[in-house]
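Index from 1, following the sequence.
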Amino acid sequence: MNLKNPDRFVERLRELQWHIRDAVIGAQQSVDLASVSRVSSADTIYGIDAVIEPVIEQYMEQWGKEQPLVLIAEGIEPETGRVFPAGAHEDDADIRIIIDPIDGTRGLMFDKRAAWSLAGIAPNKGSKTRLRDIEAAVMTELPTSKMGSGDVLWAIKGKGAHAVRESLDTGHPDTGVPIPLKPSRADGILHGFASVSNFFPGTNLLGPTDVTAATVFEDQYISTGGQFYELIVGHDRFNADLRPTFYRMQNQPEGLCCHPYDCATMLIADEAGVIITDEKGQPLDGPLDTTTGLSWIAYANPTLRGKIEPLVLDFLQHTPKRPTPGRD
């Protein structure tokens, strides 16, 4: 552990996300949340995203005056990281913070499903700082208009994961009812949720089965943080987002996919016992940025990993690449 007083960092991130949540709630009835504000190299920035950018900048400027920092976030320029306070140098910063202010924008802006605000803090190692360097992380649920409560999860490396359910009527970070974090202990995915982003699980994960019966359920949650949450609390047993790998297999340019800022709270899943790997079965890692494409596979427990991983890796390793269009 290299961060000094990591509990204080958790408090800071919870406070920031409380402000973000408050701004989202306030904008739900007064702003065209689905309007396109601009397009960045990381993703499309919608009206709902633009609402919270000033909130983040103001908070980080105040925090930076107490402790210089580097912020990496979707929508905050430059994408390589902005130093706070204004005028400070990157070498002055002891910490790097990576955030996805609203992970799950598309579902939230149409009031269909809650999104998540994600944040992780790592010691500043410059451009060499990676996801596995994150030592404290917080994720806060951003509610739809009909919700009366929302969950907040956090973790400090080596100290486990924790969560509370906060009433949106009070909404203060110091309140909330503790909720258990229990990844599924099931030894298979039959009659449970297992999803591959944009790709139905299919029979490869099941072996021979009755395909006329709905025995595996899919949940296309358009939020990496949301997918991690469903594993952490025991709703889902297996999730994978392999879009960059699938693009390569199809000889397509890398399209919209998961990036490191989407995985800013991977530490919480790790501390809760969820197993997250890359497409080769190695611990997921990547640089702290907003543009690198990441493929990941997550299992609720080691038994599920032992059963599913050989099938997934075999499929990825032995499925022939699609010929490049226009070539024989």
Side-chain angles (χ1 to χ4, degrees), residues 1-23 52-73 76 81-103 116-126 129-142 150-167 170-179 181 225 228-229 232 260-261 263-272 288:
M1 177 70 68
N2 294 306
L3 292 179
K4 297 179 180 179
N5 195 10
D7 292 291
R8 177 56 179 156
F9 288 129
V10 167
E11 292 173 3
R12 277 288 202 176
L13 293 180
R14 287 187 67 182
E15 185 177 54
L16 168 63
Q17 292 176 355
W18 176 50
H19 289 304
I20 291 172
R21 185 177 65 188
D22 191 53
I52 52 87
E53 287 174 10
V55 174
I56 296 168
E57 292 173 337
Q58 181 179 358
Y59 189 89
M60 289 298 174
E61 184 67 20
Q62 179 184 3
W63 187 353
K65 290 177 181 178
E66 301 174 16
Q67 178 179 25
L69 58 90
V70 179
L71 175 67
I72 302 158
I76 303 295
R82 183 189 298 185
V83 181
F84 289 91
H89 297 284
E90 185 171 346
D91 292 341
D92 298 329
D94 292 328
I95 57 174
R96 293 179 88 85
I97 303 174
I98 186 166
I99 70 175
D100 189 347
I102 305 179
D103 183 29
W116 293 86
S117 188
L118 314 176
I121 299 183
N124 182 20
K125 300 180 181 179
T129 315
R130 299 182 67 80
L131 282 172
R132 290 283 165 184
D133 293 318
I134 290 175
E135 295 185 1
V138 178
M139 57 190 294
T140 296
E141 194 169 16
L142 303 178
D151 292 351
V152 181
L153 291 72
W154 68 93
I156 295 171
K157 183 173 285 188
K159 295 187 177 181
H162 309 274
V164 294
R165 181 157 295 157
E166 295 179 344
S167 168
T170 55
H172 195 275
D174 292 335
T175 64
V177 178
I179 58 175
L181 301 179
F228 287 175
Y229 170 83
I232 291 168
Y261 72 96
C263 299
T265 56
M266 180 177 67
L267 173 65
I268 301 174
D270 286 342
E271 290 291 322
L288 286 197

- With side-chain contact (heavy atoms from CB on, under 4.5 Å) as the test, would you mind laying out the steps for V164 and R14 before giving the verdict? CA-CA 11 Å; V164 294; R14 287 187 67 182; 3.7 Å; yes

side-chain contact (heavy atoms from CB on, under 4.5 Å) assessment of V83 paired with L69: CA-CA 6 Å; V83 181; L69 58 90; over 6 Å; no

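- No side-chain heavy atom of Q67 sits less than 4.5 Å from a side-chain heavy atom of F84.
- Distance check, rounded to the nearest 0.5 Å: CZ of R165 to CG of D151 gives 4.0 Å.
- Contact of the L131 side chain with the M266 side chain is registered, since non-hydrogen atoms from C-beta on lie closer than 4.5 Å.
- Without hydrogens or angle criteria, D133 side chain to R130 main chain gives a donor-acceptor distance under 3.5 Å.
- The distance from the CD1 atom of I102 to the CD atom of E53 is 9.0 Å, given to the nearest 0.5 Å.
- Residues L3 and I95 approach most closely at CD2-CG2, 3.7 Å, considering heavy atoms.
- Going from atom CH2 of W63 over to atom CD of E15 covers 9.5 Å, rounded to the nearest 0.5 Å.
- What you find for I52 and A23 is that their closest heavy atoms are CG2-CB, 3.8 Å.
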One pair to check against side-chain contact (heavy atoms from CB on, under 4.5 Å): I121 and I134. What are the steps and the verdict?
CA-CA 5 Å; I121 299 183; I134 290 175; 5.8 Å; no

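- Classification of R8 and E11 as a salt-bridged pair holds, one side-chain N sitting under 4.0 Å from a carboxylate O.
- Here the shortest heavy-atom pairing between I156 and V10 reads CG1-CG2, 3.8 Å.
- The two residues A93 and V70 make their nearest non-hydrogen contact at CB-CG2, 3.8 Å.
- Using a 4.0 Å cut-off between a side-chain N of Lys or Arg and a carboxylate O of Asp or Glu, E166 and R21 qualify as a salt bridge.
- Side chains of T129 and N124 form a contact here, defined as non-hydrogen atoms less than 4.5 Å apart.
- In this structure, the ring of W116 has its center less than 6.0 angstrom from the ring center of Y229.
- Between E135 and K4 no salt bridge is recorded (no basic side-chain N to carboxylate O distance below 4.0 Å).
- Taking OH from Y59 and CH2 from W18, the interatomic distance works out to 10.0 Å, rounded to the nearest 0.5 Å.
- Side chains of C263 and F228 form a contact here, defined as non-hydrogen atoms less than 4.5 Å apart.
- Put simply, CG on L16 and CG on L71 are 8.5 Å apart, with the number rounded to the nearest 0.5 Å.
- For the pair S117 (side chain) and P101 (backbone), a donor-acceptor distance under 3.5 Å is present.
- Of all heavy-atom pairs between V138 and W154, the closest is CG2-CB, 3.8 Å.
- With salt bridges taken as basic N to acidic carboxylate O contacts below 4.0 Å, none links E61 and R82.
- Closest of all the heavy-atom pairs between L153 and A163 is CG-CB, 3.7 Å.
- A salt bridge links R96 to E90: one of the charged nitrogens lies within less than 4.0 Å of a carboxylate oxygen.
- Within the model, atoms CD1 of I56 and CD of Q17 stand 9.5 Å from one another, a figure rounded to the nearest 0.5 Å.
- Under a 4.0 Å N-O distance rule, the pair R132/D270 qualifies as a salt bridge.
- Put simply, the side chain of E271 never gets that close to the backbone of A161: no donor and acceptor are under 3.5 Å apart.
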Under the side-chain contact (heavy atoms from CB on, under 4.5 Å) criterion, do I72 and I97 qualify, and how do the steps go? CA-CA 6 Å; I72 302 158; I97 303 174; over 6 Å; no

